[in-house]
Structures are given as C-alpha cells and as structure tokens.
Amino acid sequence: MMLKITYYIFRQLSLTTLFLTIVLTAAVWLTQSLRFVDGVLNKGLSIKTFFHLISFLLPELVSIVLPAAFMIAVIYTYNRLIADQELAVMRSAGLSHWQLAKPTLLAASLITLILYSLNMYFLPNAYTRMHDMEHSMHNTISSSMLQAGEFNNLKGLMVYIRARQNERDMKGILIYNNRDKAQPFLITAEAGSIIKTDEGMKLVLVNGARQDMDKKTSNPSMLYFDQYMVELEAPNGQGKNRKKNLQEFGLWDLLYPTDNIAQTSHHSRFKAHGHQRILNPLHALAFSLIALSIMLYGQINRRRRTKKILTIVAAACILQLLTLAFINLSEHFWVTIPLSYLTLFIAIALPFAYINEWFDFSRPSKPEHMSKELLQ
C-alpha cells in the first residue's frame, strides 16, 4: 500500500516537473536565442548553424529553471491532494509526515544529482563550444555582411560601399584600416570585388588611392593604384586566441585559480562563481523541502491553501536573494561565503526536521478536527 502511494505521488511530481521544465525552458530559450538572429540575417549563418549554436544554451537554462519548476510541481501536487481530500484520507490511514514526504525527497535527490551533472560537466563544455563558434563567426567574414550605404565594422576595418551590383561586385568604396593602431590609413576606390581564398575573404580594389599620415610631420602621403587587395578577415594570429569566460572553467579552476588562469585581483570573483556552482543545485532540495513542510503544516483544509502558497513563494524568493547577495558580496568580503552555506543549510535542515517530526509547531489535534476537515 505504502509503495503504491509513494509511486503515485512520485509519478505526479515527475510528470508535472517535466512539463513545467519543458515549457519554461522553451520560453526562456526563445527569448535568449533572439540575440543570435542577427547572425542569420546579417552574417549569412545557416538555420542549421543557428539551432546548433543556441542548443548550447540549454544546460544553463535547465539548471536555472529546474529548481523553480520542481517547487511549483510540489505545490501543485500536494495542493491537488488536499483539494481532492486524498491527503486527509492518507493521514487518517496513519501515514506520517515522513511517509507523505518520501516521494518528494526521492525526486528532489534525483533532481539535485541532475543539476550537479549539468553545473559541473555539461554547462562548462557547452559554453566552451558555444563561445568557440561565436569567436569563429566573428572572425569569419561573409559577403552579405557588407551592406550598401552603411558603415560596416569588420575587425579593425570600417568599410563604406556606395552601391552593390551583385553578391560579389560593388562600387564607390571607402575603407579606414585601423588594425595597426600606430599607423592607420584610408583607402578609396572606384570599384571592388570580393574573392574567397584559402586564407579567407579578400576585397580586390580597382582604380583607387591609399592615404597615410606621417605622425611626426603630420603630412599626408598618397599612393595611387590600379589594383589593391585588402584582407577582410583578421590577419593570421589576430583574433585566433580568445579570453575564456567564467562559465567555461571547471570547478577546481574556479575554486583554486592560478595566475595563469586569472589575474590575482580576479581570484575572488572566480571563487565566488565556483561556490555559486556548488550551491545552485541545492536550491532544488531547499525549495522542495520548504514547499513540502508548509503544505503539510497544521490542519489539512482547503481554506488556507492560498496563504500557504504565498508563504512558500515568499520564502523561496528570500532564500534565493540571500544566497545571491552573499555570493556577490564574497568578491569583497570572504566571510559571506560561509554565510551563504549556512543560510542554505538552515533552509534545508529546518523543514527536514519538521518532516521527520523531530519537532512540531502545529497545535495538538483533537479527534473532531478530522471530521471537520473531511466535511470541508
């Protein structure tokens, strides 16, 4: 009998959590993917590449959405059990808080393990691959990126085109080359054509002039040409290496950063992010225990459900704000790191103690309370 009840509640929790996670992740995923639409419209990315790129956002989005989705699932499942009088019947059959909470604790443990796998392995790998793709895109020039009548910024080149004849040929070209900060120069040409070589995209200019400025004498010098070639992509070696994002580092590198990874002044920031990666999965356990203990608190009746739900949401928000505040402050005050762990430990320990009936804040129940509950 007990096994059937555990499976029944566990199944309801799992299905509700899965549905909410898919819906919420899809909604956030669509909004986050909008920043990559420009690559499809203006940089010539294929739809396949676009979806491949935004798929790397999923580990982080799921890790953010899943704790909240599970908390909502706990509220919904136990609220429905109260509304259908199923929870009152289970209690009258002699089930304790622990027995009623067992399926939620099993689901919470499983979700916490999933979140740890996402945060420790999948998230850093996904971010590394996504940023590698972005870096490659930014250093690869497509002919569609050169828009007529606009100033196009291409990695140290400011290119203006008066008109385009087709995908390859254009007229009235102005280029300001600032790749060498010490010696920038200006190029004008009557016409030009884009060609693709093994070294990358190049622009062949026809009938133009290159103007340089001597910084010592401030005198300009002019060089006229019949044909001149400009590399549109960054020269070999430039833009090849990129700076890694915090999300790309493993937990060990974050908690114990070396000078090779980050400057000494940034070590506290790395450590704060590392501790945040440890704490985030535990929010799923804390949220579910808070929701469970409040839903099971006191007498079971349908009149107090709204108040309980609002209390759960408020407690979860306060917990999230406190841990985020302590983690952010830890970049300047290391003592807030233990405070963040202590806050989360208390948020887990108190509801867990209540569910195990180590203490009970509810009023002593009278025999007639059960009959009143069943009538409501």
Side-chain angles (χ1 to χ4, degrees), residues 2-25 59-82 86-87 90-91 95-123 275-297 308-309 311-324 340-359:
M2 184 59 217
L3 190 61
K4 289 183 178 180
I5 292 174
T6 301
Y7 173 76
Y8 172 70
I9 298 176
F10 182 85
R11 182 174 177 273
Q12 296 298 319
L13 286 169
S14 301
L15 292 176
T16 307
T17 302
L18 180 63
F19 172 77
L20 289 172
T21 302
I22 292 173
V23 171
L24 294 175
T25 302
E60 183 187 26
L61 297 181
V62 172
S63 67
I64 294 171
V65 167
L66 190 52
F70 184 56
M71 183 188 73
I72 297 171
V74 172
I75 295 171
Y76 172 79
T77 301
Y78 283 85
N79 185 54
R80 192 178 61 78
L81 291 175
I82 293 172
E86 292 178 282
L87 201 61
M90 291 176 189
R91 274 192 172 178
L95 270 66
S96 64
H97 282 173
W98 170 256
Q99 291 172 315
L100 293 172
K102 188 178 178 181
T104 302
L105 294 174
L106 289 173
S109 301
L110 180 61
I111 287 172
T112 302
L113 290 175
I114 292 172
L115 288 170
Y116 268 117
S117 66
L118 287 172
N119 277 268
M120 301 304 171
Y121 178 75
F122 291 102
L123 191 148
H275 288 290
Q276 185 176 16
R277 196 175 288 182
I278 295 173
L279 290 171
N280 279 346
L282 294 175
H283 281 88
L285 184 60
F287 289 166
S288 60
L289 285 171
I290 290 170
L292 191 59
S293 60
I294 293 176
M295 293 302 290
L296 296 176
Y297 176 78
K308 286 185 175 183
I309 292 170
T311 304
I312 293 168
V313 173
C317 290
I318 291 171
L319 174 62
Q320 185 73 67
L321 289 173
L322 281 175
T323 52
L324 281 176
S340 62
Y341 281 92
L342 179 62
T343 302
L344 204 52
F345 173 77
I346 293 172
I348 293 172
L350 288 180
F352 187 79
Y354 173 74
I355 290 167
N356 277 277
E357 301 183 54
W358 294 342
F359 59 84

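Note that the structure is a prediction, hence the values are computed from the model and not measured.
- Here the OH atom belonging to Tyr354 is positioned 12.5 Å from the CG atom belonging to Leu350, to the nearest 0.5 angstrom.
- Shown here for Thr323 and Ser340, the closest heavy-atom pair between the two residues is CG2-O, 4.2 Å.
- Taken from CZ in Phe287 to CG in Leu292, the straight-line distance is 15.0 Å, to the nearest 0.5 Å.
- Of all heavy-atom pairs spanning Leu289 and Pro351, the tightest one is O-CB, 3.4 Å.
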Determine whether Gln276 and Leu324 satisfy the following criterion, side-chain contact (heavy atoms from CB on, under 4.5 Å), listing intermediate values before the conclusion. CA-CA 8 Å; Gln276 185 176 16; Leu324 281 176; 3.6 Å; yes
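- Between Ser288 and Thr104, the shortest heavy-atom distance links the atoms CB-CG2, 4.2 Å.
- Taking CE of Met295 as the reference point, atom CG of Asn79 lies at 4.5 Å (rounded to 0.5 Å).
- Classification of the Phe352-Trp98 ring pair by plane angle, with boundaries at 30° and 60°, yields perpendicular.
- Separation of atoms CD1 (Ile348) and CG (Leu285) is listed at 4.5 Å; rounding is to 0.5 Å.
- By the salt bridge (Lys or Arg N to Asp or Glu O under 4.0 Å) test, Arg11 pairs with no residue at all, sequence neighbours left out.
- Note that CG of Leu344 and CG of Leu279 are 6.0 Å apart. Values are rounded to the nearest 0.5 Å.
- Contact detail for Ala284 and Phe70: the closest heavy-atom pair is O-CD2, 4.0 Å.
- What you find for His283 and Pro67 is that their closest heavy atoms are C-CB, 4.4 Å.
- Scored by the ring-ring contact (aromatic ring centres under 6.0 Å, His included) test, Tyr78 finds no partners at all (sequence neighbours excluded).
- Judged as a side-chain hydrogen bond (donor to acceptor under 3.5 Å, both in side chains), the pairs with a partner in residues 341-351 (not counting sequence neighbours) are, in order, His275-Tyr341.
- Atom CE in Met90 sits 5.0 Å away from atom CG in Leu81 (nearest 0.5 Å).
- Considering Gln99, Glu86, His97 in turn, His97 is the only one that fulfils the side chain to side chain donor-acceptor pair (under 3.5 Å) rule with Arg91.
- Scored by the ring-ring contact (aromatic ring centres under 6.0 Å, His included) test, Phe345 finds no partners at all (sequence neighbours excluded).
- Contact detail for Ala315 and Ile290: the closest heavy-atom pair is CB-CG2, 3.9 Å.
- Checking side-chain atoms of Lys308 against main-chain N and O of Tyr297 turns up a donor-acceptor pair under 3.5 Å.
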Validation: residues 106-116 side-chain donor-acceptor distances under 3.5 Å, sequence neighbours left out:
residue: Ser109; atom: OG; partner: Leu105; partner atom: O; Å: 2.8
residue: Thr112; atom: OG1; partner: Ala108; partner atom: O; Å: 2.7
residue: Tyr116; atom: OH; partner: Ile278; partner atom: O; Å: 2.8

Distance-only check: which donor-acceptor pairs under 3.5 Å involve side-chain atoms of residues 15-24, not counting sequence neighbours?
residue: Thr16; atom: OG1; partner: Gln12; partner atom: O; Å: 2.7
residue: Thr17; atom: OG1; partner: Leu13; partner atom: O; Å: 2.7
residue: Thr21; atom: OG1; partner: Thr17; partner atom: O; Å: 2.7

